[in-house]
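Notes follow once the structure below has been shown.
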Amino acid sequence: MSDHGSQPATPEQPSPPETPARNLDAYRAHYAERTAGMTASEIRALFAVASRPEVVSLAGGMPNLAALPLDSLAAEVARLVSEDGQVALQYGSAHGVPELREQICEVMALEGISAHPDDVMVTAGSQMALDMVTRIFCDPGDVILAEGPSYVGALGSFAAYQAEVVHVAMDEEGLQPAALRQAIADVTAQGKRIKFLYTIPNFHNPGGITLAVPRRAEILQICAQHGILVVEDNPYGLLGFDGKPYPALRSMDAENVVYLGSFSKTFASGLRVGWVLAPHAVREKLVLTAESATLCPPTLNQMIVSRYLSTHDWQGQIKIFQEQYRERRDAMLGALEQYMPPGCTWTRPNGGFFVWLTVPEGVDTKAMLPRAVTQRVAYVSGTGFYRDGFGSRQMRLSYCYPTPERIREGVRRLANTLTEEMELVRTFGTVPQRSVPGPQAPSPDTA
């Protein structure tokens, strides 16, 4: 009986060999493990568009340099090169120009700090100081306590040295002492080492919040009790709107606080001149670290800053900046009140550059950003200011650079975009978030 439905067995054909995935980076296998946590800013490409004149950027923390006396500064720089070019254009000390270190002590005295020039080290911006402090203190797996949210450049440095960040909650008066105690207890119970508390006490970036004076002593006491170093990052301390500067944490505890300062916000960010004030033993380690990385900070830039401090009314210039930024802050707060839809909340800074805006439930500020840029307004999504991608309902708005008129127009455009986004959420529901673990690398767009 023939079986017409049966066919002779056919040998199985071998599967074609899998094509290996193409590796676009030939050096990938050679990188150090710590590079695995380094990711480029997801919004960098958007800011190439955001820099166009028709886009109101409420994103970058660029200081407004229009008020600087550029003509007299140009003449002073020319005189500096003509008279002292042989020094200004030469290698210098990793410690920094002595005259500038003495002047830095005078600057810090405005915040109650008593310091010796020998304990001041000049750096290429305070970002370099932050990177070096992390380098000399942190081994992989060590814990750094930091406010939540925190400065994106700090999170990038911490990730580069494979340190773990544990965020500590803030409220309208800054870092919460009770939350700090709880964070210390939790980390200690896990058997992990806390190396330092990183804090921006004045006009916080990105939160715009200032640490209440009564809390400062309490937080220092908590850290001293548990043997935790405090790293105080204070680039905005002289840019308050209410007169007298707040007392620096360093002024309350000279033994357990490493202080980071900068001329980027009070003079010129492009010169990249900052400093670190540290206990003597720590300072020695920082000098050795700087020598291995850069040999020395740029001598010319240091001498330009020093000449500026000695020949110009720099305190009067700071008052001009304060007035300009107060006017811009008022323009932003007024526009937020006028245009933002119900359900939004924001901080009310009394100095510095930033407002921290929280949007209604369901809106993802990272997902909304491309649509905002299409509407010719830019901001920084809150996710970049947390180690774990949290902050999707927040955004940082900067008022330091645009004119008051541009700020109001930018907030109006942002409010329109947000209103449209809220309508989409009501109609279609929320979209699952796609957070990228780990902080993004810092850039001028997120400074």
Side-chain angles (χ1 to χ4, degrees), residues 41-64 149-153 155 203-209 325 328-329 331-341 343-349 352-386 389-422 424-425 433 435-436 439-440 442-447:
S41 170
E42 297 178 7
I43 60 175
R44 191 174 295 165
L46 284 171
F47 282 107
V49 178
S51 62
R52 295 176 181 174
E54 68 270 20
V55 177
V56 178
S57 178
L58 305 176
M62 297 182 297
N64 180 21
S150 190
Y151 168 50
V152 65
L155 298 180
F203 324 126
H204 185 270
N205 177 6
I209 295 168
Y325 296 141
R328 286 161 165 76
R329 185 275 314 263
M332 176 163 284
L333 294 181
L336 290 170
E337 292 281 1
Q338 180 177 358
Y339 295 117
M340 278 294 145
C344 295
T345 60
W346 52 87
T347 56
R348 298 178 179 274
F353 288 2
F354 306 113
V355 168
W356 187 243
L357 175 68
T358 299
V359 300
E361 191 75 40
V363 176
D364 186 331
T365 60
K366 180 189 286 188
M368 189 179 77
L369 181 56
R371 292 185 280 278
V373 173
T374 301
Q375 297 298 320
R376 298 172 299 155
V377 62
Y379 58 86
V380 182
S381 170
T383 54
F385 300 99
Y386 288 89
F390 187 76
S392 62
R393 285 183 56 204
Q394 283 76 39
M395 65 177 74
R396 189 190 74 176
L397 303 179
S398 172
Y399 52 78
C400 53
Y401 189 74
T403 64
E405 293 75 22
R406 294 275 287 172
I407 289 171
R408 283 187 281 267
E409 175 59 20
V411 171
R412 186 191 68 80
R413 297 176 187 178
L414 177 60
N416 288 343
T417 306
L418 179 57
T419 299
E420 294 174 0
E421 194 77 5
M422 292 167 62
L424 288 174
V425 169
Q433 298 177 9
S435 296
V436 178
Q440 299 173 359
S443 71
D445 301 320
T446 52

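Quick note: residue numbers are just sequence positions, from 1.
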Exercise for the section: To the nearest 0.5 Å, tell me how far Thr365 OG1 sits from Leu357 CG. Expected result: 9.0 Å

Problem - Check: Val359 and Gln394 side chains under 4.5 Å, non-hydrogen atoms - result: no

Exercise for the section: Check whether any side-chain heavy atom of Cys400 sits under 4.5 Å from a side-chain heavy atom of Asn64, and report yes or no. Expected result: no

Practice task
State, yes or no, whether a side-chain contact exists between Met422 and Leu418 at a heavy-atom distance under 4.5 Å.
Solution key: yes

Exercise for the section: Measure the spacing between CD1 of Ile407 and CG of Leu414 and express it to the nearest 0.5 Å. Expected result: 13.0 Å

Problem - Pairing residues for Glu420 by the side chain to side chain contact (heavy atoms under 4.5 Å, CB included) criterion, not counting sequence neighbours - result: none

Problem - Atom pair OG1/NZ of Thr383 and Lys366 - distance to nearest 0.5 Å - result: 4.0 Å

Problem - Flag side-chain contact, heavy atom, 4.5 Å: Met340 against Trp346 - result: yes

Exercise for the section: Indicate the atoms forming the closest heavy-atom contact of Trp356 with Pro149, along with that distance. Expected result: CZ2-CG, 3.6 Å

Exercise for the section: Apply salt bridge (charged side-chain N to carboxylate O under 4.0 Å, His left out) to Arg413 and list each qualifying residue two or more places apart in sequence or on a separate chain. Expected result: Glu409

Exercise for the section: For Arg393 and Thr358, indicate whether the former's side chain and the latter's backbone hold a donor-acceptor pair under 3.5 Å. Expected result: no

Handout entry: Separation between CG of Asn205 and CZ of Phe385, rounded to the nearest 0.5 Å
Key = 6.0 Å

Problem - Donor-acceptor under 3.5 Å (Arg376 side chain, Ala372 main chain) - result: no

Practice task
Return yes if some donor-acceptor pair links the side-chain N/O of Ser398 with the main-chain N/O of Gly60 below 3.5 Å, else return no.
Solution key: yes

Problem - Beyond-backbone contact of Ser381 with Ser392, side-chain heavy atoms, under 4.5 angstrom - result: no

Exercise for the section: Given side chain to side chain contact (heavy atoms under 4.5 Å, CB included), test Met368 with Asp364 step by step and report yes or no. Expected result: CA-CA 6 Å; Met368 189 179 77; Asp364 186 331; over 6 Å; no

Fill in the blank from the handout: CZ (Phe203) and CD1 (Ile209) are apart, to the nearest 0.5 Å, by 12.5 Å

Practice task
Determine, using ring centers only, whether Tyr325 and Phe353 are less than 6.0 Å apart.
Solution key: yes

Practice task
Taking the six-membered ring of Tyr399 (Phe, Tyr or Trp), confirm whether the NZ or CZ of Arg328 is under 6.0 Å from its centre and within 45° of its axis.
Solution key: no

Fill in the blank from the handout: Across all chains, not counting sequence neighbours, the salt bridge (charged side-chain N to carboxylate O under 4.0 Å, His left out) partners of Arg408 are Glu405

Problem - Pairwise side-chain contact, Val355 with Pro349, heavy-atom cut-off 4.5 Å (strictly under) - result: yes

Exercise for the section: Determine whether Val380 and Pro206 make a side-chain contact, defined as any pair of heavy atoms from C-beta on separated by less than 4.5 Å. Expected result: no

Practice task
Please examine the side chains of Arg396 and Leu58, heavy atoms only from C-beta on, and report whether any two atoms are closer than 4.5 Å.
Solution key: no

Completion exercise
When every non-hydrogen atom of Met395 is compared with those of Tyr379, the smallest separation belongs to CB-CD1, 3.6 Å

Practice task
Can you see which heavy atom on Val373 is nearest to which on Ala378, and at what distance?
Solution key: CG2-CB, 4.4 Å

